[in-house]
Amino acid sequence: MSKALLDDLTWRGSIAQSTDRAELEKYLSSPGASLYLGFDPTAPSLHIGNLVALTLLRRFQLAGYKPIALVGGATGLVGDPSGRSAERSLNEADLVADWVDQIRKQLEGFLDFTGKNAAIMANNLDWTAPVSAIEFLRDIGKHFSVNQMLAKDSVASRLESGGISYTEFSYQVMQAFDYLELFRRHNCALQIGGSDQWGNIVAGVDLIRRVEAKSAHALTIPLLAKADGTKFGKTAEGAIWLDPTMTSAYALFQFFLNSDDRDVEQLLKTFSFKSRSELEALFESLKTNPGAREAHRELAREVTTLLHGADQAQKVEVAAKALFGQGEIRDLDIETLKSSLAELPKTRIKKGEEIPSWVDLVTSSGVVESKSAARRVIKEGGAYLNNEKITGEDFTPKSSDLLHGQFLLLRKGKRDLVAVEITD
RNA sequence: GGUGGGUUGCCCGAGUGGCCAAUGGGAGCGGACUGUAAAUCCGCCGGCUUAGCCUUCAGUGGUUCAAAUCCACUACCCACCA
């Protein structure tokens, strides 16, 4: 069981580093083995990058292990220096508390809290807040060597680039304390995380060995690297969020559908719960018939379904098909059109008001930043009304251009769509 | 504390009185090709009531017909010296 899982993870490229593999297998073979993964509240939602490790946690639960999802109500107040070239600015405590709630809800949707290996939700503020500074320094701090702390990547790189505050320097101790606490409370002896968390995780492994004289384990998953060298999950508009009010299901679907061919295999291995043979069939299709983008579509479909449900996933896929239409947009019946446009950003015009000129319409739709930019795009042939290229600057849409008398579909370039709706 | 250097458009970085909305590169955007991909090629890339006008080169004030470029002060950064 444990070996099969680890072999599968290895095939997926989901193991960056681990503590002794044989020992880890042994632990995973023991009854009731559990593992934990922590997230700090640094925003009101998790983002797609967080989903990498979260997916891994879910795999473990599906394989029969007990997952513990930890939200860093305490560590989020301090700030993790890992992967950061400069000091973080501290967030207000009540803001962080609010984010903890939001993230907790997202995590709850991702794991199963029933059954014999029901997931556990934890917040490190629960055990960190009651500890006094003196207790912390005597009981925990005493087990840490500053020499070793300084050697950690997260600290060493910061010492070279402008320094680090005592606050962030202490972060690894707090995370180690978390691991110790979960070890004590739930007998949890495996912590997983992104590969940037290795240093923080082994700090906990060391602490458990020193305090409890027991061995605990660490497993990290590689940070996703894109073929073009840019960071996964970031777009020009910002991060891809799991919260549908921050990144719509439609945008999420499009994000994955538009993946670089070279990245699709790794993305499927990372996020998909399909079997190895199913995935290999998709990789084959990617090679032999890349234009069909079957693998991209499955990827987009599966992630969207996982995060927003099958209904939503189905809807946005149908919408995308209709809007990028093989078919004629005017032929869509009103219901299909309406539900498709519902997935897009919207601009409204009051009924009875004149339809603005083409330049103004493109500007107010928000696909460009200024009128000058709108003029440029129009002149360059990048502005489309109802999927038809319109290059005339002095053009003004007429009421006969309205789809079903109340909608216009604007497009900038190949994929930037906006709906214009005439409202009462 | 002393001396010297720097602060330019999203980023890097040229420009040392007019020809500067400002060279070049990157990012971004549009087009062509294709597959809502990549690569490549072409174009764009401060704003506006767009053949013209307006506002930008850390900030403030000054010199000049004319300043990103000269002067003064302020703020921040860097280097060498103590």
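Per chain, numbering begins at 1; letters A, B, ... match sequence-line order. A quick note: this is a predicted structure, and the numbers were derived from the prediction, not measured.
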Atom-to-atom span, CG of A/L410 to P of B/U36 - whole angstrom | 19 Å
What distance, rounded to whole Å, do you find between the two P atoms, one in B/A21 and one in B/U55?
-> 13 Å
Can you tell which of A/N50, A/V100, A/V71 makes a side chain to side chain contact (heavy atoms under 4.5 Å, CB included) with A/F39?
-> A/N50
Please tell me which of the listed nucleotides, B/A37, B/G31, B/G47, lies nearest to the side chain of A/R376?
-> B/G47
Whole-Å distance between B/G43 P and A/E380 CD?
-> 12 Å
Rounded to whole Å, the CZ-P distance (A/R297 to B/G35) equals 13 Å
Please state how far atom NE2 in A/H296 lies from atom P in B/U36, giving the value in whole angstrom units.
-> 11 Å
Measure from NZ or CZ of A/R301 to the centre of the six-membered ring of A/F253 and say whether it is under 6.0 Å with the direction within 45° of the ring axis.
-> no
Does A/K379 get its side chain close enough to the base of B/U50, under 3.5 Å, for a donor-acceptor pair?
-> no
Remember a base hit wins even if backbone is also touched, and classify A/A383 as base, sugar-phosphate or nothing at under 4.0 Å, heavy atoms.
-> nothing
Measure from CG on A/L299 to P on B/G35 and round the result to the nearest Å.
-> 21 Å
Determine the Euclidean distance between corresponding C1' atoms of B/U56 and B/A79; express it in Å to zero decimal places.
-> 30 Å
Tell me, please, whether A/F324 has A/R415 positioned over its six-membered ring: NZ or CZ under 6.0 Å from the ring centre and within 45 degrees of its axis?
-> no
Tell me: CD of A/E343 to C1' of B/U36, nearest whole Å?
-> 16 Å
Pairwise P distance, B/U60 and B/U8 [rounded to whole Å] = 16 Å
Nearest listed nucleotide, side chain of A/D261, among B/G35, B/G31, B/C48 | B/G35
State which of B/G35, B/C29, B/C48 makes the closest approach to the side chain of A/K371.
-> B/C48
Classify the nucleic acid contact of A/F256 as base, sugar-phosphate or nothing, counting any heavy atom under 4.0 Å across all strands shown.
-> nothing
What is the nucleic acid contact for A/Q254, judged by heavy atoms within less than 4.0 Å: base, sugar-phosphate only, or nothing?
-> base
Salt bridge present between A/R12 and A/D8 (N-O < 4.0 angstrom) = yes
Sugar-phosphate only, base, or nothing, as touched by A/D260 at under 4.0 Å among non-hydrogen atoms = sugar-phosphate
State whether the number of non-hydrogen atoms from other residues, nucleotides or ligands found under 6.0 Å of A/D153 atom CG is greater than 12.
-> no
In whole angstrom, give me the gap between the P atoms of B/C57 and B/C70.
-> 15 Å
Counting side-chain heavy atoms from C-beta on, which of B/G30, B/C45, B/U50 comes nearest to A/R375?
-> B/U50
Checking B/C48, B/G43, B/U36 against the side chain of A/S372 (C-beta onward), the nearest is B/C48
Atom-pair distance (NZ on A/K412; P on B/C29), nearest Å = 7 Å
Taken to the nearest whole Å, CD1/A/I378 to P/B/U50 is 13 Å
Considering just the side-chain nitrogens and oxygens of A/K226, establish if one lies under 4.0 Å of OP1 or OP2 belonging to B/A38.
-> no
With a 3.5 Å cut-off and no angle check, do the side chains of A/D360 and A/T363 form a donor-acceptor pair?
-> no
